[in-house]
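To start, the structure under review is shown below, and the notes come after it.
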Number of protein chains: 2
Amino acid sequence: MSENPADAERSGPRVRTDPTVPEAEAFVSAALDRGSLVTLFGRCTVEYDGRAASELESGERHLMLKPDGTHLVHTDSGQQPVNWQPPGSDHECRIESDALVIESVRTAPDERLAATVTDVAHAAAFDVDDEASVDLVGSEADLKRRILESPGLVEEGFTPLSTERETPAGAVDVYGEDAEGRTVVLELKRRRVGPDAVGQLKRYVGALGRDLHADAEVRGVLVAPSVTGRAEELLAEEGLEFVPLTPTG
Amino acid sequence: MSENPADAERSGPRVRTDPTVPEAEAFVSAALDRGSLVTLFGRCTVEYDGRAASELESGERHLMLKPDGTHLVHTDSGQQPVNWQPPGSDHECRIESDALVIESVRTAPDERLAATVTDVAHAAAFDVDDEASVDLVGSEADLKRRILESPGLVEEGFTPLSTERETPAGAVDVYGEDAEGRTVVLELKRRRVGPDAVGQLKRYVGALGRDLHADAEVRGVLVAPSVTGRAEELLAEEGLEFVPLTPTG
DNA sequence: ATTTCGATCTCGTTT
DNA sequence: AAACGAGGTCGAAAT
C-alpha cells in the first residue's frame with residue numbers, strides 16, 4: 001500500500017476504519033517502522049507461549065503496540081490486559097490465511113505473543129510527544145522522609161542512625177536507637193500490612209542480633225497505617241512492636 | 001452535537017479525528033452513555049488523588065475508558081499505564097476552560113483520576129463483543145495437579161492427604177506424609193523463589209506443629225523450579241527442604 | 001544479568 | 001468489607 005496522501009500532509013494520528021486485511025497489514029507495518037504507537041480494534045484470537053502458555057478464543061479486543069516492544073490486549077473490562085507481551089519485544093506483522101498476524105517476541109526469557117486478527121475494525125498510529133514524568137506523593141519513601149524529619153513520631157527519644165544498614169537478611173528500612181541506647185530496627189509500609197511484613201521485620205531483627213554482640217538487645221518496630229489481626233498476633237508472638245503512621249501527614 | 005449520520009448507519013467503531021473540544025465532549029459523553037469502550041489520544045495533564053496523590057504535566061498520551069469504570073493513561077513506553085483508575089469508577093466528562101476534562105471517581109477507597117485534554121487528536125468508541133476467556137497453562141494450580149497425579153516427583157513414598165488443610169497461618173498448598181509417616185507440608189511456587197516463600201513455609205510448619213501433638217515432627221518442603229541464594233540460606237537456617245520441580249513436564 | 005522489594009500493585013477466593 | 005496469597009505480576013535499584 002502506498003502512503004495515503006492524507007497521511008503525508010498531517011502531523012497528527014493516521015487512521016483507518018474497516019480496512020481490508022492487506023490494507024491493515026501495510027498500515028501497521030509502516031507505522032511500526034516509523035516507531036509509532038499503534039492501536040487496533042477487531043476480532044482476533046490470541047496465543048501466548050513463554051513463562052506459561054495460554055490460548056484466547058475469537059472475540060473483539062483492543063490491541064496496543066508500543067515502540068518499546070510492549071504489546072497489550074485489552075477487553076472491555078478489567079484494569080489488566082487479558083494478554084500481553086513485555087517491553088523489549090520485537091513486533092512483526094504479516095498476513096496468514098487471510099488474517100493479520102501480529103507477533104511480538106523477546107528473549108530472556110523466551111516468550112512470544114501472537115494476535116491473529118480476522119476482522120480489523122479500526123487501526124490508528126500515533127507519534128507520541130511526552131517529556132513529562134509522574135510526580136507521586138504517598139509512597140514508602142515519603143514515610144521514610146517523614147520519620148527522618150520527625151523521629152519523635154516513632155517514639156520519644158528515637159534517633160535514626162542509618163537508612164542503608166545492611167544485614168545478611170538485606171537492608172533494613174531505618175536503623176537507629178531508642179532513648180536508652182538500645183538498637184531499633186524499623187520496617188516501613190505505606191499501607192495496612194499483613195503477616196508478610198512481620199516476617200520481614202523478624203528476619204532483620206534476627207540477622208542484626210547475630211551481627212552485633214550476642215548480648216545486644218534489638219527492638220523491631222513495624223511502622224504502617226495499621227495491621228491485620230493475624231499480623232498483630234505474629235507481632236506479639238515474636239516480641240515485635242507496631243507504631244501507626246501514614247506516609248502523609 | 002447531533003449524532004453523525006455516518007455513525008448511525010454502521011455497527012462498527014465510531015471515530016473522530018482532530019475534533020474540537022466541544023465535539024469531543026459530545027462524542028465521549030454519548031459513547032459513555034452507550035456503554036462503549038472509549039479511547040482518546042491527545043495532549044493532556046493528569047491528576048490523581050486517593051491511595052496516594054500524583055501530578056503529570058502536559059504531554060501526549062493515550063486514554064482508555066472502559067464501561068466497567070477502568071480508566072487507563074498510557075504513554076509510548078512501559079507495560080503499565082502511567083496513571084489509572086480501577087474498575088468500579090464512574091466516568092464523567094465536561095468542558096472546563098476550553099479543555100475536555102474526563103474524571104473517573106470511585107469510593108472505598110475514595111479516589112479520583114482527572115485527565116484534562118487540551119488538544120484531542122483522535123477519539124474512538126467501540127462496542128465490544130467478547131465471550132471468550134483466557135485458558136492458561138503453567139500456573140501453580142498446574143504444579144499442584146502434577147504433584148497429586150505423581151506424588152513420587154516430590155520424593156519416594158510421599159503421600160498427599162489434603163490440599164485444603166487449614167492452619168492458624170492459613171491453608172497449606174499440600175499436606176501429606178512421608179514414607180516414615182511424618183507430617184509433610186508442601187509450599188508450591190510456579191517459578192524461582194526468593195526469601196518470601198521461605199517465610200510463608202516456615203509459618204505453616206510452625207502453625208501445624210502447634211496444631212498437632214507437641215512431639216510431632218513436621219517437615220516443610222518448598223517445591224519450585226529453583227531458589228535464590230538467600231532463600232537457600234534461609235531454608236537451611238530454618239531446617240526446611242527444597243525439591244526442584246516445574247509446573248509443566 | 002540476577003536478586004530483591006515496593007506498588008495508587010491487580011485479581012480472585014474466602015471469611 | 002476485610003484478609004490473604006498468586007501473578008506470565010511490573011518496575012526500579014542494587015549487586
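All figures in this text were calculated on a predicted structure; none of them were measured in a lab. The chains referred to below are lettered A, B, ... by the order of the sequence lines, with proteins before strands, and numbering in each begins at 1.
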Contact list (N/O, under 3.5 angstrom) for nucleotides 12-15 of chain D vs protein:
none

### Message
I'd like to know whether CD of A:E166 has more than 12 heavy-atom contacts from other residues, nucleotides or ligands below 6.0 angstrom.
### Response
yes
What is the distance from [atom1] of [X] to [atom2] of [N], rounded to the nearest Å?
X      : N      : atom1 : atom2 : value
A:D173 : C:dA7  : CG    : C1'   : 14 Å
B:Q200 : C:dC5  : CD    : P     : 14 Å
A:H71  : D:dC10 : NE2   : P     : 15 Å
B:Q80  : D:dC10 : CD    : P     : 8 Å
A:E140 : C:dC9  : CD    : P     : 12 Å
B:H74  : D:dG11 : NE2   : P     : 10 Å

### Query
Where along residues 35-55 of chain B does a heavy atom come under 4.0 Å from DNA chain D, residue by residue in number order?
none
### Task
Would you check if there is a donor-acceptor pair between the side chains of A:S139 and A:R190 at a distance under 3.5 Å?
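Note: A:R190 and A:S139 side chains miss the donor-acceptor criterion.
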### Task
Verify whether one side chain among A:R43 and A:T118 offers a donor that lies under 3.5 Å from an acceptor in the other.
no
So, [X] and [Y], do they make that salt bridge, N to O below 4.0 Å?
X      : Y      : result
A:E92  : A:R94  : no
A:D173 : A:K189 : no
B:D130 : A:R61  : yes

### Query
Start at the 5' end of DNA chain C and walk down; is the nucleotide closest to A:G170 or to B:P87 reached first?
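Result of the comparison: A:G170.
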### Message
Looking at the base of D:dG8, is there any donor atom on it, or on the side chain of A:Q85, that sits under 3.5 Å from an acceptor on the other one?
### Response
yes
### Message
Go through it in stages, so that I can follow the logic: the residues are B:D196 and A:D196, the test is side chain to side chain contact (heavy atoms under 4.5 Å, CB included), and I'd like the CA-CA distance, side-chain angles, deciding distance and then a yes or no.
### Response
CA-CA 7 Å; B:D196 51 337; A:D196 51 337; over 6 Å; no
Give, ordered by number, those residues of [range] having at least one heavy-atom distance below 4.0 Å to an atom of DNA chain C; if nothing qualifies, reply none.
range                       : answer
residues 219-249 of chain A : none
residues 101-118 of chain B : B:E111
residues 183-195 of chain A : A:E187, A:K189, A:R190, A:R191
residues 142-149 of chain B : none

#### Entry: Side-chain N,O (B:Y204) to OP1/OP2 (D:dG5) below 4.0 Å
yes
### Query
Does the side chain of A:W84 get closer than 4.0 angstrom to OP1 or OP2 of D:dC10 through an N or O atom?
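So the side-chain polar atoms of A:W84 do come within 4.0 Å of the phosphate oxygens OP1 or OP2 of D:dC10, strictly under.
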Nearest-0.5 Å distance, [atom1] of residue [X] to [atom2] of residue [Y]:
X      : Y      : atom1 : atom2 : answer
B:K66  : B:Q85  : NZ    : CD    : 14.0 Å
B:E177 : B:T159 : CD    : OG1   : 6.0 Å
B:L143 : B:L245 : CG    : CG    : 5.5 Å
B:M64  : B:T39  : CE    : OG1   : 6.5 Å
A:Y48  : B:L136 : OH    : CG    : 8.5 Å
A:D142 : A:T246 : CG    : OG1   : 10.5 Å

### Message
Distance check, P atoms only: C:dT8 and D:dC4, in whole angstrom units.
### Response
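Between the two P atoms, the distance is 22 Å.
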### P atoms of C:dA7 and D:dG7, separation to the nearest Å
22 Å
### Task
On DNA chain D, check which nucleotide each of A:D196 and A:V82 is closest to and give me the residue with the more 5' one.
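Nearer the 5' end of the strand: A:D196.
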### Message
On DNA chain D, compare the nucleotides closest to B:R203 and B:L136; which residue's is nearer the 5' end?
### Response
B:R203
### Query
With a non-hydrogen cut-off below 4.0 angstrom, is A:G138 in contact with a base, only sugar-phosphate, or nothing?
nothing
### Task
Quick one: label A:A169 by what it contacts on the DNA or RNA (base, sugar-phosphate, nothing), any heavy atom closer than 4.0 Å.
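Sugar-phosphate contact only - A:A169 comes under 4.0 Å of backbone atoms but never of a base.
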### Message
Restricting to salt bridge (charged side-chain N to carboxylate O under 4.0 Å, His left out), what partner residues turn up for A:R219, sequence neighbours left out?
### Response
A:E155, A:D178, A:E241
Which donor-acceptor pairs under 3.5 Å do the side chains of residues 198-210 of chain A make with protein atoms, sequence neighbours left out?
unit_1 : atom_1 : unit_2 : atom_2 : d
A:R203 : NH1    : A:A169 : O      : 3.4
A:R210 : NH2    : B:E237 : OE2    : 3.4

### Task
Just jot down the side chain to side chain donor-acceptor pair (under 3.5 Å) partners of B:D211, sequence neighbours excluded, or say none.
none
### Message
Run A:L40 and A:L100 through side chain to side chain contact (heavy atoms under 4.5 Å, CB included) and show every step you take.
### Response
CA-CA 11 Å; A:L40 277 115; A:L100 172 61; 4.0 Å; yes
## Note on the structure
Residue pairs meeting salt bridge (charged side-chain N to carboxylate O under 4.0 Å, His left out), one or both in residues 49-60 of chain B, sequence neighbours left out, come to B:R51-B:E111
#### Entry: Partner residues of B:H74 under the ring pair (Phe, Tyr, Trp, His ring centres under 6.0 Å) criterion, sequence neighbours left out
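Checked B:H74 against ring pair (Phe, Tyr, Trp, His ring centres under 6.0 Å); zero matches.
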### Query
B:F41: what forms a ring pair (Phe, Tyr, Trp, His ring centres under 6.0 Å) with it, not counting sequence neighbours?
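Only A:F126 meet the ring pair (Phe, Tyr, Trp, His ring centres under 6.0 Å) criterion with B:F41.
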